[in-house]
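Working notes, structure below.
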Amino acid sequence: KEENAVQIDPARFLSDLHELRKFGASGVGKGVVRPAFSEADVAARRWLAGRFEDAGLRVAVDAMGNLFGLAEGPSLLMGSHSDSQPEGGWLDGALGVVAALEVARAARDSGGPAVSVVSFQDEEGRFGVTTGSAVWAGHLSQQDADGLTDHGGVTLAEARKSVAGMVTGALDPSQFTGFVELHIEQGPTLITAGEQIGVVTDIVGIRDMKITFQGQQNHAGTTPMHLRKDAFQAVSAFNTLLNARFRNVVTPSTVWTIGHMSLHPNASSIVPGRAVFSMQWRDGDVDRLDRMEAIIRETAQEVATTQGMALSYGSLLGLDPVQMDSGLRGALERGAEDVAGGKWRQMPSGALHDATNVSRLMPVAMLFVPSIGGISHAFEEDTDEDDLVAGVRVLAKAARGQGLTLC
Ligand code: HGY
Ligand code: MN
Ligand code: MN
């Protein structure tokens, strides 16, 4: 059995992973600042393209900036994303891309199955939710995507000019037999249990929309409290009411977040006239996501009426929950038992991943390695290097297992 194994090179893998971190390295811990289409993101994509070529893979880039390293003929696709949050860790996405590269070249070296690699663009949603893979999978049209704006008002159409020089054309998904994504867990489950691998059962659904309260900008010293139309007070009341009203609808695994807010004009001595904020909620059940949406809209309307605000909404973005493919999952479970016997589990993913979109095109599966302290989307994000390598080993075993199944 072992002579058929795909032999990964842990030192080569870790060296590439550390090299990728240099693009947008934050200087704080191992953090990175590499948002989609930024200079650091494009430079990282160019470097990755070179590494794909060195590995004998053919480089292809679509109009969104999704970067592929293609093996000949039908292949198993592996990868993740190399863009980061505005403040992100070095592993979120990057791990899955570099691990896929290592498995692809190790598979070539050992005459193993054909493995292609991808780094999707804007997984972190500078412009929406997993935008690059959403467009590739046909969940979102390029035209609709182009009209999306980031928090600074830049359109995606404008931002993607930064990758125009790399674009080779549309990329046909039918050449891929399945998609497997290795990722850090980004939560506390594995690290708390002292386990090394999580095999993902399903990925939660998400809804995300901008909400605007428009009140009246005015002087903060002279405007009596009862005459104010203060947009921040509206957000504050909305949040308190919403938390109370969600109580009878949510489960312990439901989450909701107001993560971005812009107050206009954002000055100490001005009653803010406008508040624009992000409202995001996630759950594994579509009905619950819908009920939460109804509560959000009713509550916002009630606050707007009570406080004399105009209320408006941005587009509702979202992805429904998805189950992982049982065949690919089985290959990962066998790999997990080989590599981390007794120290792995099946688990759902509370974070969103490109795999959700790709599941519209082909069978998908995911595996997790632990996050130290359960921390991610922060500069402190990290994982023990032994666990990183264990994840790549499971991926390689699954590639081998799946390759045999496919042959
Ligand atoms: O937000 C998420 O779950 C992912 O990191 N894009
Ligand atoms: Mn990620
Ligand atoms: Mn992320």
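One-based numbering, in listed order, for ligands and for the atoms of each.
Put simply, the angle at the Mn ion (ligand 2) from OD1 in Asp92 to NE2 in His81 is close to 100°, to the nearest 10°.
Separating the OG1 atom in Thr212 from the CE atom in Met309 is a distance of 12.0 Å, to the nearest 0.5 Å.
Relative to the six-membered ring of Tyr313, Arg297 meets both conditions, a distance below 6.0 Å and an angle of at most 45° to the axis.
Both the backbone and the side chain of Glu123 come within contact range of ligand 1, each with a heavy atom under 4.0 Å.
The ligand atoms of ligand 1 that sit less than 4.0 angstrom from a heavy atom of His377 are 1 (O), 5 (O). For ligand 1, the atoms lying closer than 4.0 Å to a non-hydrogen atom of Ala351 are 3 (O).
On a distance-only criterion, Glu124 and ligand 1 share at least one N/O pair closer than 3.5 Å.
One option in His81, His353, His183, Arg282 has a heavy atom closer to atom 2 (C) of ligand 1 than any other, and that option is Arg282.
For the pair Thr131 and Leu156, the minimum side-chain heavy-atom distance is below 4.5 Å. Side-chain contact between Phe238 and Phe277 is present, with heavy atoms from C-beta onward closer than 4.5 Å.
Legend: residues meeting side chain to side chain donor-acceptor pair (under 3.5 Å) with His353, ordered by chain and number and at least two apart, are Ser349.
Partner of Gln121 under the side-chain hydrogen bond (donor to acceptor under 3.5 Å, both in side chains) criterion, chosen from Arg126, Arg45, His81: Arg45.
Residue-level check: among N/O/S atoms of Glu124, OE2 sits closest to the Mn ion (ligand 3).
At least one N, O or S atom of His183 sits under 2.8 Å from the Mn ion (ligand 2).
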